[in-house]
S.K.: 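Structure provided below as structure tokens; questions to follow.
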Amino acid sequence: MELPFYRGDASGNRRQVAASLPIPQRSRLLNPESYIADDGLRDACNVALLLGQPLLLTGEPGTGKTQFAYNLAWELGFEPPLKFETKSDSTARDLFYTYDALKRFQDIQSGLESSTILNYISYQALGLAILRTRPWDEVKPYLPADFGAFQPQRSVVLIDEVDKAPRDFPNDLLNELEQLYFKVSELENAKIEADPALQPLVVITSNSEKDLPDAFLRRCIYYNVPFPTKERLTHIIASHLGTNTDINNAFLRTALDIFDRLRAPENGLRKKPATAELLGWVLTLQRFGEGKSNPLEDRSLVLKTLSSLIKTAEDIPKARGVIERWSQEQQPLQNG
């Protein structure tokens, strides 16, 4: 189907047959095998694996902290990470399991109460990872009836954006993260411990929105993921999208130039575009400018695709100003 997919011109030309839209391309950006870690991240990861400590990653949003966990699991041959998305009301117990007391109360009121309390317990990321290190017959008494059997295995656990949680959240995890066990108070305080030989690999991310307690930091291997250099960005784009990695490629050179200008401090964008936005933008430009060696020679394409880079209303006029100044600089070069 040719662009534009949607016209919105009140022409009254409704399709008689449902439109055939392209397969979403975002999956190309999320392929774990395409992830490229920098040297510092590789070293920090190997230290964490050797010592059996959680790996704490900080850095600005969009630098690939979350995607790293998926790449780690993929490269080591494990299943995709068990992900815990931290919220402003998360408690330490939520990382291991949740107990639906409200559902049980409602069932009691309706006369539908389950015969076993296990049916009101849902195991979460780190709880599941610890359970999966044990033999099935050993942990079966702690599992709901519909919980599928498994072989003992190692897992990657992703605790995403831990800085969103209340201050006490990381402190409450200190012993559990170090010794990898948890207790289920609703099951007479049953204690479930990880098999040391299959200890889960824990990756914790933080956008540094607030400081984490010192005691928590001491138990982690720490690495701050830097924003990629221009050279690394070319390799990241090539790995995900197959674009020519030669920095002299006109399209890539121009895209990175505009991207750098938008991120420049003097332009004052509140939310600077990150690597994820850059990949989506390049992918969009490739499709919108199909057949052109350098789609960015058409200034209108830059403006049409700006929504993949800019994510706040206050940044739109600033970004348009950057594009206008860039365009004016290009005109003498094109005329010459």
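Since we're looking at a predicted model, the values are computed, not measured. All heavy atoms count here, side chains included; hydrogens, waters and symmetry mates do not.
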S.K.: Hey, is Lys272 close enough to Glu60 for a salt bridge, meaning N to O under 4.0 Å?
M.R.: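 Salt bridge between Lys272 and Glu60, a charged N being under 4.0 Å from a carboxylate O: no.
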S.K.: Exactly one of Leu131, Leu180, Leu82 should register a side chain to side chain contact (heavy atoms under 4.5 Å, CB included) with Leu126. Which one does?
M.R.: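 Only one option passes, and that is Leu180.
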S.K.: Cation over ring, Arg104 on Tyr99, under 6.0 Å and within 45°?
M.R.: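 No, a cation-pi geometry is absent between Arg104 and Tyr99.
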S.K.: Please enumerate all residues that pass side-chain hydrogen bond (donor to acceptor under 3.5 Å, both in side chains) together with Asp172, with sequence neighbours excluded.
M.R.: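 Partners of Asp172 by the side-chain hydrogen bond (donor to acceptor under 3.5 Å, both in side chains) criterion come out as none, since no residue qualifies.
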S.K.: Do Lys230 and Arg232 make a side-chain contact, defined as non-hydrogen atoms from C-beta onward lying under 4.5 Å apart?
M.R.: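 Heavy-atom side-chain distance check fails, nothing below 4.5 Å.
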S.K.: What I'd like to find out is whether the side chain of Lys183 reaches to under 4.5 Å of the side chain of Glu188, using heavy atoms alone.
M.R.: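 They are not in side-chain contact.
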S.K.: With side chains defined as the heavy atoms from C-beta onward, is the minimum distance between Phe182 and Asn175 less than 4.5 Å?
M.R.: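 No - every pair of side-chain heavy atoms lies 4.5 Å or more apart.
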S.K.: Considering only NZ, NE, NH1 and NH2 on the basic side and carboxylate oxygens on the acidic side, decide whether Asp298 and Lys292 come within less than 4.0 Å.
M.R.: yes
S.K.: Between Arg134 and Asp195, is the closest basic N to carboxylate O distance under 4.0 Å?
M.R.: no
S.K.: If every non-hydrogen atom of Asp315 is compared with every non-hydrogen atom of Lys271, which pair is closest and at what distance?
M.R.: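 In terms of heavy atoms, the two residues are closest at OD2-N, 2.9 Å.
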S.K.: Answer whether the closest heavy-atom distance between the side chains of Asn267 and Leu262 falls below 4.5 Å.
M.R.: no
S.K.: Around atom CD of Gln151, are there more than 12 heavy atoms of other residues, nucleotides or ligands at under 6.0 Å?
M.R.: no
S.K.: Tell me whether Glu329 is salt-bridged to Arg261, with the criterion being a basic N under 4.0 Å from an acidic carboxylate O.
M.R.: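 So Glu329 pairs with Arg261 through a salt bridge.
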S.K.: What are the two closest non-hydrogen atoms of Leu198 and Thr133, and how far apart are they?
M.R.: O-CG2, 3.1 Å
S.K.: Will you find, in the side chains of Asp94 and Thr91, an N or O donor that is under 3.5 Å from an N or O acceptor?
M.R.: yes
S.K.: State, with a plain yes or no, whether a side-chain heavy atom of Leu57 is found less than 4.5 Å away from one of Tyr222.
M.R.: no
S.K.: Using a 6.0 Å distance limit plus a 45 degree cone around the ring axis, check whether Arg93 lies over the aromatic ring of Tyr97.
M.R.: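 Relative to the ring axis of Tyr97, which defines the angle, Arg93 lies inside both limits.
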S.K.: Are Glu79 and Arg132 ion-paired here, with the side-chain N under 4.0 Å from a carboxylate O?
M.R.: yes
S.K.: Does any non-hydrogen side-chain atom of Val162 lie less than 4.5 Å from one of Leu212?
M.R.: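 Leu212 vs Val162: side chains touch.
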S.K.: I want to check something: taking the side chain as every heavy atom from C-beta on, are Val202 and Leu55 in contact at a cut-off of under 4.5 Å?
M.R.: no
S.K.: Please walk me through it: do Glu277 and Lys311 pass salt bridge (Lys or Arg N to Asp or Glu O under 4.0 Å)?
M.R.: CA-CA 10 Å; Glu277 282 87 10; Lys311 302 302 173 71; 3.6 Å; yes
S.K.: Closer than 3.5 angstrom, by distance alone: can the side chain of Ser155 be matched with the main-chain N or O of Val157 as a donor-acceptor pair?
M.R.: no
S.K.: Can a cation-pi geometry be assigned to Lys103 and Tyr120, taking NZ or CZ under 6.0 Å from the six-membered ring centre and within 45° of the ring axis?
M.R.: no
S.K.: Start with the C-alpha distance between Glu138 and Lys140, add both sets of side-chain angles, then the distance that settles salt bridge (Lys or Arg N to Asp or Glu O under 4.0 Å), and finish with yes or no.
M.R.: CA-CA 6 Å; Glu138 181 182 312; Lys140 187 178 179 181; over 6 Å; no
S.K.: Taking the side chain as every heavy atom from C-beta outward, state whether Ile130 and Glu193 have any atom pair closer than 4.5 Å.
M.R.: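 No, every pair of side-chain atoms sits at 4.5 Å or beyond.
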S.K.: Step by step, work out the salt bridge (Lys or Arg N to Asp or Glu O under 4.0 Å) result for Arg253 and Asp257.
M.R.: CA-CA 6 Å; Arg253 187 177 68 245; Asp257 179 35; over 6 Å; no
